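Computed from a predicted structure; not experimentally measured. Just so you know, ligand 1 is whichever comes first in the structure, and atom 1 is the first atom listed for that ligand. The first residue in the sequence is number 1, and the count goes up from there.
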Amino acid sequence: MTSESVPDRYAVIGNPIEHSKSPQVHALFAQQTLQAMRYERLLAPLDHFVDSVHEFIVHGGRGANVTVPFKLEAFALANELTPRAQAAGAVNTLSFSADGIKGDNTDGIGLVRDITRNAGVPLRNRSVLLLGAGGAARGVILPLIEENIAGLVIANRTQPRAMELAQQFSHSGVPVSPAAFDQLDQRFDVIINATSASLDSALPPLPDCVFGSQTLAYDMMYAAQPTIFMQHAAHHGAVVRDGLGMLIEQAAESFFVWRGVRPDTAPVYTWLRGQL
Ligand code: ATR
């Protein structure tokens, strides 16, 4: 093999990491777009994320996805941040070059693309309810606002977190307001579950009035079976969707950031759905 034909190295860095589907997704993207690259799993010790990144760079790493629990450390490590990473306050995509480490966040655009393109639900002028005020919620707010939604309500169990988040985006040109679950008194076009409640098979305590027959209820989690949130929303007549498409779309955007090529996500989605 000549030096030119050595594949560029990428990785997903997290702890734990064995469960990550990113290597398979990126391998399919690379095959499809004829990119010479290798994408591996990298387990970083919990207290050695930064060392792990530097070691990967020394060994030829060109970029990395960052997952739980290192997205905030990746944000701090980057010496340049994209506006969407700044707004998210977290980084899931790192690019390494002679200029240093650039941090990006593709989670929110991944969600927006899955909703607008794959689910075929336009967001423009739609009312959106975001459940949760943690990192997952924060990461999707700017891309939602950039779709010119009619308004965003952020509902969270712990009220001050919702208020703080709404305040941060209060000058965005789109009305953003906080709410408690039991204060919600209107139907929404789109409801996004960004809480980690589904992990515990728990349900945010939503009043029934938020769901209508045209409502898209989107859970950022995914599993072989519909999540408890999806089951609840479907029972109240909503159209439901899980976060598998978001996972693939955020990966596709990272791939584009690194390689400048957009893969076709549809066959990868079908393949991965079959693997669950
Ligand atoms: P992540 O990075 O996944 O967003 P996080 O920052 O710990 O993780 O945030 C978890 C979110 O899920 C929070 O909004 C949390 O609500 P609180 O701020 O009140 O803790 C929400 N959450 C977790 N379990 C929940 C449950 N059983 N019902 C409702 N909300 C829940």
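- Using cut-offs of 30° and 60° for the angle between ring planes, the Y39 and W258 rings count as tilted.
- Interface atoms of ligand 1 facing T158, defined by a heavy-atom separation under 4.0 Å, are 17 (P), 18 (O), 19 (O), 20 (O).
- With respect to atom 29 (C) of ligand 1, the closest heavy atom belonging to the protein is R157 CD, 4.1 Å.
- Considering each of S196, P69, S201, A155, the one bringing a non-hydrogen atom nearest atom 11 (C) of ligand 1 is S196.
- The cluster map of Ile, Leu, Val, Met, Phe, Trp and Tyr, joined by side-chain heavy atoms under 4.5 Å apart, puts M220 and I145 in the same cluster.
- Ranking the protein heavy atoms by distance from atom 16 (O) of ligand 1 puts N156 OD1, 3.3 Å first.
- Counting heavy atoms closer than 4.0 Å to ligand 1, residue T195 contributes atoms from both its backbone and its side chain.
- The shortest heavy-atom contact between S198 and T227 is OG-CB, 4.0 Å.
- Taking the side chain as every heavy atom from C-beta outward, I13 and L94 never approach each other to under 4.5 Å.
- Here the closest heavy-atom approach between residue A251 and residue V25 is recorded as CB-CG1, 3.8 Å.
- Using bins of under 30°, 30° to 60° and over 60° for the plane-to-plane angle, the ring pair F211/F229 lands in the tilted bin.
- Each of the following atoms of ligand 1 lies closer than 4.0 Å to a heavy atom of G135: 1 (P), 2 (O), 4 (O), 6 (O).
- Distances from atom 3 (O) of ligand 1 to the heavy atoms of A136, A133, G132, A202 put A136 nearest.
- Residue R161 has at least one heavy-atom neighbour below 4.0 Å for each of these atoms of ligand 1: 6 (O), 13 (C), 17 (P), 18 (O), 20 (O).
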Steps toward side-chain contact (heavy atoms from CB on, under 4.5 Å) verdict (V66, F49): CA-CA 10 Å; V66 180; F49 169 73; 4.0 Å; yes
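- For atom 5 (P) of ligand 1, the nearest non-hydrogen atom of the protein is G134 CA, 4.0 Å.
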